[in-house]
Amino acid sequence: MERTRNLLMNNCSLQGIKPIMVDLPYPPIQVRGRNPRYAELLTVDYCGSVSELSAILQYINNENRMSDEHCSLVRTILGIAMAEMIHLQKLGELICLLGGNVCFEAKQPDGLWSPSCLVLPDHIPQMLQADIEAEKAAIRQYKMHINAIQDDYINSVLRRIILDEEYHIMVLQSL
């Protein structure tokens with residue numbers, strides 16, 4: 001409550017924030033057929049250590065810890081987090097169409113998701129750098145999954161998400 005009061009006193013309205021993403025439509029959410037292996041891969045993108053869930057939580061945590069004097073930065077970070085929420089939703093739809101279960105449990109070598117998956121530095125420049133590195137890791141992982149998935153519908157959605165992630169890197173670097 002105190003933080004909200006400070007943001008308002010500094011004329012930092014969080015109303016009207018829109019997702020920060022490339023101005024292109026997403027492809028239709030469809031799959032060639034049920035495929036549990038593909039669903040498992042996408043579940044890692046959904047809620048693994050490098051995932052949309054991790055990105056959302058890292059952005060929201062960073063935004064919460066930023067000084068109230070950084071209104072423009074706060075609004076930008078929230079806009080990127082909103083785009084990541086859209087990615088999470090689209091991945092969830094794909095997982096369900098593939099016959100998977102959206103249960104926040106990704107099978108991966110490093111175990112289940114935990115807060116230790118997040119990088120939460122104390123200072124804004126390091127926060128932004130950690131966010132850039134997380135976006136780069138997500139792009140690498142999406143590209144690996146595109147190579148492993150032989151479904152052009154799924155891969156077109158992943159390629160569209162990559163465009164947003166690349167855009168996020170550009171925005172974060174400009175900050």
Side-chain angles (χ1 to χ4, degrees), residues 16-63 75-114 117-119 127-175:
I17 297 174
K18 295 190 177 358
I20 294 178
M21 53 201 308
V22 175
D23 189 21
L24 292 171
Y26 283 90
I29 303 300
Q30 56 189 354
V31 299
R32 292 266 172 225
R34 295 171 72 83
N35 189 317
R37 189 172 77 77
Y38 292 171
E40 277 187 27
L41 286 174
L42 294 183
T43 299
V44 172
D45 298 323
Y46 186 84
C47 65
S49 57
V50 175
S51 68
E52 298 301 335
L53 176 66
S54 290
I56 293 164
L57 295 175
Q58 184 165 310
Y59 282 121
I60 295 297
N61 186 279
N62 286 346
E63 176 273 327
R75 291 178 60 83
T76 300
I77 295 300
L78 283 176
I80 293 173
M82 291 170 74
E84 305 296 359
M85 290 177 204
I86 292 168
H87 300 163
L88 185 77
Q89 188 276 332
K90 297 204 176 295
L91 290 170
E93 280 190 69
L94 288 171
I95 291 164
C96 290
L97 288 173
L98 289 165
N101 184 13
V102 182
C103 62
F104 296 103
E105 292 182 4
K107 293 179 184 172
Q108 54 189 32
D110 53 352
L112 295 178
W113 187 93
S114 78
C117 296
L118 305 178
V119 178
M127 288 179 192
L128 296 174
Q129 189 58 45
D131 293 340
I132 290 167
E133 294 307 315
E135 294 284 0
K136 289 178 179 179
I139 291 168
R140 283 191 301 273
Q141 183 168 285
Y142 279 127
K143 287 180 178 180
M144 281 183 1
H145 290 171
I146 287 169
N147 288 332
I149 293 173
Q150 303 302 311
D151 182 320
D152 53 328
Y153 293 133
I154 297 169
N155 287 339
S156 65
V157 173
L158 298 182
R159 284 187 191 96
R160 174 59 187 80
I161 290 172
I162 288 173
L163 291 177
D164 285 341
E165 308 299 20
E166 291 170 339
Y167 185 60
H168 295 162
I169 291 170
M170 187 178 73
V171 169
L172 291 164
Q173 287 173 333
S174 74
L175 298 174

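What you see below is based on every heavy atom in this structure, not just the backbone, and it leaves out hydrogens, waters and symmetry mates.
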Just to verify, what does Tyr167 make a side-chain hydrogen bond (donor to acceptor under 3.5 Å, both in side chains) with, not counting sequence neighbours?
none
Shortest non-hydrogen contact between [X] and [Y], atoms and distance:
{"X": "Ser49", "Y": "Ser54", "result": "O-OG, 3.1 Å"}
{"X": "Ala83", "Y": "Pro19", "result": "N-CB, 3.9 Å"}
{"X": "Arg34", "Y": "Gly99", "result": "NH2-CA, 3.4 Å"}
{"X": "Arg160", "Y": "Val22", "result": "NH2-O, 2.8 Å"}
{"X": "Ala39", "Y": "Leu98", "result": "N-CD1, 3.7 Å"}
{"X": "Glu165", "Y": "Ile139", "result": "CB-CG1, 3.6 Å"}

Find the distance between [atom1] ([X]) and [atom2] ([Y]) and round it off to the nearest 0.5 Å.
{"X": "Tyr26", "Y": "Arg159", "atom1": "OH", "atom2": "CZ", "answer": "15.0 Å"}
{"X": "Ile60", "Y": "Ile77", "atom1": "CD1", "atom2": "CD1", "answer": "9.5 Å"}
{"X": "Ile95", "Y": "Leu42", "atom1": "CD1", "atom2": "CG", "answer": "5.5 Å"}
{"X": "Leu175", "Y": "Gln129", "atom1": "CG", "atom2": "CD", "answer": "12.0 Å"}
{"X": "Asp45", "Y": "Met144", "atom1": "CG", "atom2": "CE", "answer": "9.0 Å"}
{"X": "Glu84", "Y": "Ile161", "atom1": "CD", "atom2": "CD1", "answer": "9.0 Å"}

Any non-hydrogen side-chain atom of [X] less than 4.5 Å from a side-chain atom of [Y]?
{"X": "Leu172", "Y": "Thr76", "value": "no"}
{"X": "His145", "Y": "Val44", "value": "yes"}
{"X": "Tyr38", "Y": "Leu97", "value": "no"}
{"X": "Gln58", "Y": "Asn61", "value": "no"}
{"X": "Met127", "Y": "Glu63", "value": "no"}
{"X": "Asp131", "Y": "Ile80", "value": "no"}

Backbone N/O of Ile29 and side chain of Glu93: donor-acceptor pair under 3.5 Å
no
When you measure from the side chain of His168 to the backbone N and O of Ile20, does any donor-acceptor pair fall under 3.5 Å?
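Such a contact is found between His168 side chain and Ile20 backbone.
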Please tabulate, one pair per line, all N/O donor-acceptor pairs under 3.5 Å involving side-chain atoms of residues 148-155, not counting sequence neighbours.
| from | atom 1 | to | atom 2 | distance (Å) |
| --- | --- | --- | --- | --- |
| Gln150 | NE2 | Asn147 | O | 3.4 |
| Asp151 | OD1 | Tyr153 | N | 2.9 |
| Asp151 | OD1 | Ile154 | N | 3.2 |
| Asp151 | OD2 | Arg32 | N | 2.7 |
| Asp152 | OD1 | Arg32 | NE | 2.9 |
| Asp152 | OD1 | Arg32 | NH2 | 2.9 |
| Asp152 | OD2 | Arg32 | NH2 | 2.9 |
| Tyr153 | OH | Arg32 | NH1 | 3.3 |
| Asn155 | ND2 | Ile146 | O | 3.4 |
| Asn155 | ND2 | Ile149 | O | 2.8 |

My understanding is that only residues two or more places apart in sequence, or in another chain, count here; which of them pass ring pair (Phe, Tyr, Trp, His ring centres under 6.0 Å) with Tyr59?
none
